[in-house]
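Worksheet: the structure to be examined is printed underneath.
Order of appearance sets the numbers: ligands from 1, and atoms from 1 within every ligand. Nothing here was measured: the structure is a model prediction, and the numbers come from that model.
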Amino acid sequence: MFRIKTILFVTIAAAMALAACAPAAVATEAPPAAKAGLACSPNCEYSDLVVGFLQTGSEGGWRAANTASFKETATQVGLKLKFYDSQNDLAKQVAGFHQFIQDPEVNVIVLAALETTGWEEILKEAQTAGKIVVIEDRRIDAPEDLYVTYIGSDFAEEGRKGGDEMCTLLANSTTKNVWELVGNVGSSAAKDRGQGFRETMGACGIEITNSQTGNWSATEGKAVTEAWLKASKDVDGIFAQNDEMGFGAIEALKEAGLTPGVDVQVLTFDATAGAFKSMLTGELAVSVECNPLLAPQVYEAALKAANGEELPKWVPSQEGVFRASDPNLQTIADGRKY
Ligand code: GYE
């Protein structure tokens, strides 16, 4: 909360200074949207939407697929997309949010939140400015009446699935020591996957004996695992909160003379193409799917809101679990879009 409040104050001050010098001519034709839909309601079409998308930044295969989904679908449906790369920096994401609130052309704002907390005030500002706000990918802790809907995964359920899968993987292991590679601290994906895994891991006596953020990256995932391996090789499973950190851990295990899939079971989340490649070698044991192709549902929700329709506050994604032990894995991999 304090982080975003400070950032907000600085940003508003900067924005006011900026607004003072911005040419009034910037104002374009799109009128600010009414609370219950846009001015074109109830006959709004995708061509009436100008979407400001606040992406987190670029982390790995999942994020690249998510970004591509927004850019490609915008072209397909014929809406104007203003893409903002927050470079995994919360201050930049807040500044971008402000920029879109002040942009008269933008009538829809889509947020993939870097952190769950601190969004209430800026959401109120967006609402006052008549912007339609849709939350995608990561949930936030804010009153639901401040945004149209959240479209994204049940990360806690993914975590619970992960705990169940790790129990199966370690069924014949006398010890069940698991190391956790966490996503960016403060994000809902990281918090909820960790909480969900801890809800089900107890069923088979798993213990998390190391836990640290690898910030969704293969490089950091490898470095963190290397440091742990220098201290001890007493590990039976790696719970990596995304594919990339899992790939890094696999490299570290091999360089330490351990065989992933034999000595240590590695489980990840996302199930990107890279995960299938690694599962087909047997190095990665399981990947719990998280669907990045969310743009069609997000744009559809924005259009419905533009036409004054009420929407359910959460549209959870449909997702599965993929295992190296699956005899049809190659066929499944051949049919994947990301
Ligand atoms: O698991 C990870 C990405 O928010 C679900 O963010 C997303 C996560 C995904 O960096 O790979």
Side-chain angles (χ1 to χ4, degrees), residues 53-70 84-90 92-93 110-117 119 134-141 150-162 165 180-197 212-222 224 238-250 266-279 284 286-295 297-298 314-322 336-338:
F53 176 30
L54 296 157
Q55 182 58 292
T56 57
S58 49
E59 299 113 37
W62 192 95
R63 189 62 54 190
N66 184 247
T67 294
S69 174
F70 278 84
Y84 185 93
D85 177 355
S86 310
Q87 296 164 3
N88 293 301
D89 179 321
L90 188 58
K92 287 196 172 88
Q93 192 165 55
V110 177
L111 173 67
L114 278 162
E115 295 190 13
T116 54
T117 56
W119 296 104
V134 178
I135 308 298
E136 79 100 16
D137 169 23
R138 296 184 182 163
R139 70 168 177 76
I140 58 171
D141 298 334
Y150 160 52
I151 294 174
S153 306
D154 182 342
F155 298 123
E157 180 56 20
E158 289 177 0
R160 287 187 284 272
K161 288 177 189 169
E165 293 293 328
E180 178 187 30
L181 289 167
V182 181
N184 76 288
V185 175
S187 71
S188 60
K191 287 181 184 175
D192 298 356
R193 282 174 184 162
Q195 175 223 312
F197 188 95
Q212 189 177 328
T213 184
N215 283 310
W216 309 116
S217 101
T219 313
E220 286 191 51
K222 184 179 181 194
V224 170
I238 301 248
F239 158 35
Q241 291 192 355
N242 81 334
D243 291 336
E244 273 74 24
M245 293 188 291
F247 303 154
I250 285 169
V266 181
L267 175 142
T268 67
F269 292 75
D270 288 348
T272 55
F276 279 83
K277 207 154 143 259
S278 183
M279 285 190 282
L284 176 60
V286 168
S287 192
V288 177
E289 181 177 29
C290 181
N291 180 3
L293 307 183
L294 303 176
Q297 288 170 284
V298 169
W314 182 16
V315 182
S317 316
Q318 304 312 312
E319 296 162 341
V321 174
F322 300 97
R336 303 278 290 172
K337 290 205 191 75
Y338 58 88

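Looking only at heavy atoms of the protein, atom 7 (C) of ligand 1 is closest to D137 OD1, 3.3 Å. For atom 11 (O) of ligand 1, the nearest protein heavy atom (residue, atom name, distance) is D270 OD2, 2.5 Å.
Listed for the Q93 side chain is a donor-acceptor partner under 3.5 Å among the backbone atoms of L114.
With ring centers used as reference points, F155 lies 6.0 Å or more from F197.
Listed by atom number, the atoms of ligand 1 under 4.0 Å from E59 heavy atoms are 3 (C), 6 (O), 10 (O). Annotation for ligand 1: atoms under 4.0 Å from non-hydrogen atoms of R63 are 3 (C), 4 (O), 6 (O), 7 (C), 8 (C). Residue C290 approaches ligand 1 through these ligand atoms, each under 4.0 Å from one of its heavy atoms: 5 (C). Those atoms of ligand 1 with a heavy atom of F155 less than 4.0 angstrom away are 5 (C).
In this structure, the side chains of N66 and Q55 come closer than 4.5 Å at one or more pairs of heavy atoms. Two residues are said to be in side-chain contact when any heavy atoms from C-beta on lie closer than 4.5 Å; F70 and V110 meet this criterion. Considering only heavy atoms from C-beta on, D270 comes within 4.5 Å of C290 through its side chain.
Of all the heavy atoms of R193, the ones lying under 4.0 Å from any atom of ligand 1 belong exclusively to the side chain. In F269, neither the side chain nor the backbone holds a heavy atom less than 4.0 Å from any atom of ligand 1.
Geometrically, ligand 1 and Q241 share no nitrogen or oxygen pair separated by less than 3.5 Å. At least one N or O atom of R138, backbone or side chain, sits closer than 3.5 Å to an N or O atom of ligand 1.
Remark: distances from the non-hydrogen atoms of G60 to ligand 1 are all 4.0 Å or more.
A donor-acceptor pair shorter than 3.5 Å cannot be found between the side chains of R63 and N88.
For residues 238-247, the set of pairs meeting the side-chain hydrogen bond (donor to acceptor under 3.5 Å, both in side chains) definition, not counting sequence neighbours, comprises E180-Q241, N242-E244, D243-T268, D243-T272, D243-S287.
Relative orientation of the Y150 and W314 rings is parallel, given thresholds of 30° and 60° on the angle between their planes.
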